[in-house]
**Q** 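Have a look at this one.
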Amino acid sequence: MIDEVVTGIGTPNIALVKYWGRRNSSLNLPTNSSLSITLDETLNTKTSVLFSDKLKSDALYINGELQNLNDHKNEKSVFAAMTLDRMRGLAGIKYKALIVSKNSFPTSGGLASSASGAATLVYTVSMALDLNMTQKEMSINARQISGSACRSLFGGFVAWRKGEEDTGLDSYAECVADQNHWPEVIDVIALVSGAKKKISSSDGHRVTVETSKLYNARPNEANARVVEISKAVRDRDFETLARITMADSNSMHALMLDSYPPIIYLNDVSKQIIYAVHELNEREGSSIAAYTFDAGPNAQIITLKKHKDKVVECIKDIVGTGNIIVAGQGTGPRSLSKADSLIDEQNAKPG
Ligand code: PMV
């Protein structure tokens, strides 16, 4: 669909077993498999794409800011440009692209904005170029922009199989159970800070693998957790899911602290939330909630719909906790109508 704007919407995912550490940094190949929940559109990225002969060069705007596609300090923008080129090559065209993307939530604050952004970009570019890509093909392309993005192409509970091959062609995500299997599972997000993280996840992956003495134990442990938590999802066994989720978040943040220089994403508010969730579970006599933290201090508390009020109650008065957002499970990206376009098609400019 050349000279026509195409718009899509996609969402972040929250990993219950984390991806941390790469065996290949150019292709974003992980050292371990991981498993996440794709969130609904409570938090979302909208992306419009236009390929046109009116355009002299590629341009990518994120939240109104033009990105430098050659700035190697901003690895994800460079990877996005490479992915765009690869997909354009598959379509056999040479037209330049204008891509305008907006997140409904803080960018680079540890709320998986890059996962949501990269998955939506690949989905929308694939539509704009009429590539008819399978979800697996889109997952491989999104992975090359931001590793965790490969999971946001699918709905519900999603596993990223780490793969073995150097090409990365066997490193992609697949659905373990879709959003209709266990819809009671929700994510209560406590915003602790919307600030941009000090250490990018790209640097973090590298520093941990290069310097953490504890790192060697991680890949096998995480792979085993993916197997165990997948069974817990299939059996709708929340107790096991909660235990693995909290243990794995703690394990990733321990490796970060063991890196040199240390990588510290949690702050005092995050730590109080950790204690509050353990106290809640003790009072209840079983694990009804599980915290997990990505590359930032914001808490994501996985629970069941029926326990939502108890979870909100236990964290809302912790000083430093800001907005609390509740998200269910989503479907993965979908297309939007012309009315949602972020591009002024006539003038080939952001709208
Ligand atoms: O996808 P990246 O390179 O931004 O790495 C982020 C990894 C974590 O969010 C911290 C964990 C995960 O599996 O999503």
Side-chain angles (χ1 to χ4, degrees), residues 10-39 43 45 62 74-80 83 103 105-122 139-154 157-162 168 171-173 187 189 196-209 212 218-219 221-223 225-226 229 244-245 248-257 259 263-266 270 291-300 302:
T11 61
N13 64 76
I14 176 64
L16 309 187
V17 178
K18 310 288 191 189
Y19 148 57
W20 196 251
R22 299 163 174 166
R23 64 176 201 275
N24 176 325
S25 301
S26 335
L27 292 174
N28 284 337
L29 298 179
T31 47
N32 64 271
S33 296
S34 52
L35 182 136
S36 60
I37 300 176
T38 295
L39 301 180
L43 305 179
T45 304
I62 300 179
N74 186 357
E75 183 185 278
K76 283 175 179 155
S77 292
V78 175
F79 285 168
T83 301
N103 292 320
F105 58 98
T107 300
S108 297
L111 282 179
S113 56
S114 65
S116 179
T120 312
L121 186 145
V122 167
S139 180
I140 290 174
N141 277 284
R143 189 204 75 227
Q144 295 184 56
I145 303 176
S146 169
S148 54
C150 74
R151 299 183 307 236
S152 269
L153 268 313
F154 299 82
F157 293 86
V158 180
W160 174 9
R161 314 287 176 206
K162 72 178 184 68
S171 183
Y172 53 86
D187 183 14
I189 303 165
K196 201 170 160 159
K197 53 192 173 231
K198 285 201 186 75
I199 306 162
S200 70
S201 51
S202 309
D203 287 341
H205 286 289
R206 180 180 50 75
V207 174
T208 300
V209 173
S212 168
R218 167 79 188 161
E221 182 63 50
N223 292 337
R225 281 184 180 141
V226 170
I229 205 167
I244 296 173
T245 298
D248 198 73
S249 174
N250 294 337
S251 154
M252 180 182 76
H253 288 277
L255 293 180
M256 289 170 170
L257 187 59
S259 305
I263 302 161
I264 304 173
Y265 290 123
L266 304 183
S270 324
Y291 54 78
T292 183
F293 298 83
D294 277 346
N298 299 308
Q300 308 218 26
I302 311 301

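Keep in mind that the numbers below use all heavy atoms, side chains included, and drop hydrogens, waters and symmetry copies. Atoms within a ligand are numbered from 1 in the order they appear, just like the ligands themselves.
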**Q** Residues two or more places apart in sequence or in another chain: which of them pass salt bridge (charged side-chain N to carboxylate O under 4.0 Å, His left out) with Arg23?
**A**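 Per chain and number, Arg23 pairs via salt bridge (charged side-chain N to carboxylate O under 4.0 Å, His left out) with no residue.
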**Q** As a test of understanding, state which of Leu16, Val17, Val226 forms a side-chain contact (heavy atoms from CB on, under 4.5 Å) with Ile244.
**A** Val17
**Q** Below 4.0 Å, non-hydrogen atoms only: which portion of Lys76 touches ligand 1? Side chain, backbone, both or neither.
**A** side chain
**Q** Evaluate the side-chain proximity of Val122 to Ile145: yes if any heavy-atom separation is below 4.5 Å, no if none is.
**A**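 Yes, close enough: below the 4.5 Å cut-off.
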**Q** Which residue is it: Ser33, Ser36, Ser148, Ser171? I am looking for the one with a side chain to side chain donor-acceptor pair (under 3.5 Å) to Trp160.
**A** Ser171
**Q** Taking only heavy atoms of Ser146, which atoms of ligand 1 are found under 4.0 Å from at least one of them?
**A** 1 (O), 2 (P), 4 (O)
**Q** Got the closest protein heavy atom to atom 5 (O) of ligand 1, with its distance?
**A**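 Protein heavy atom with the smallest distance to atom 5 (O) of ligand 1: His205 NE2, 3.0 Å.
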**Q** Of all residues at least two apart in sequence or in a different chain, which pass the ring pair (Phe, Tyr, Trp, His ring centres under 6.0 Å) check with His205?
**A** Tyr19, Trp20
**Q** Any atom of ligand 1 sitting under 4.0 Å from a heavy atom of Ala115?
**A** no
**Q** What are the atoms of ligand 1, with element, lying closer than 4.0 Å to any heavy atom of Ala15?
**A**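 Result: 12 (C), 13 (O), 14 (O).
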**Q** Is there side-chain contact between Ile229 and Asp248, with at least one heavy-atom pair below 4.5 Å?
**A**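 A side-chain contact under 4.5 Å is absent here.
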**Q** So which heavy atom in the protein is nearest atom 11 (C) of ligand 1, and how far is it from that ligand atom?
**A**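 The closest heavy atom on the protein side is Tyr19 O, 3.5 Å.
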**Q** Which atoms of ligand 1 have any heavy atom of Ser148 under 4.0 Å away?
**A**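 Reading through ligand 1 atom by atom, the close ones are 1 (O), 2 (P), 14 (O).
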**Q** Are Ile199 and Tyr265 close enough that some pair of their side-chain heavy atoms sits under 4.5 Å apart?
**A**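 Sidechains of Tyr265 and Ile199: in contact.
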**Q** With heavy-atom distances below 4.0 Å as the criterion, list the atoms of ligand 1 near Ser114.
**A** 4 (O)
**Q** For atom 14 (O) of ligand 1, which of Arg151, Arg143, Lys18 has the closest heavy atom?
**A** Arg151
**Q** What I want to know is whether Ser201 and ligand 1 share at least one N or O pair that is separated by under 3.5 angstrom.
**A**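 In this structure, Ser201 places an N or O atom under 3.5 Å from an N or O of ligand 1.
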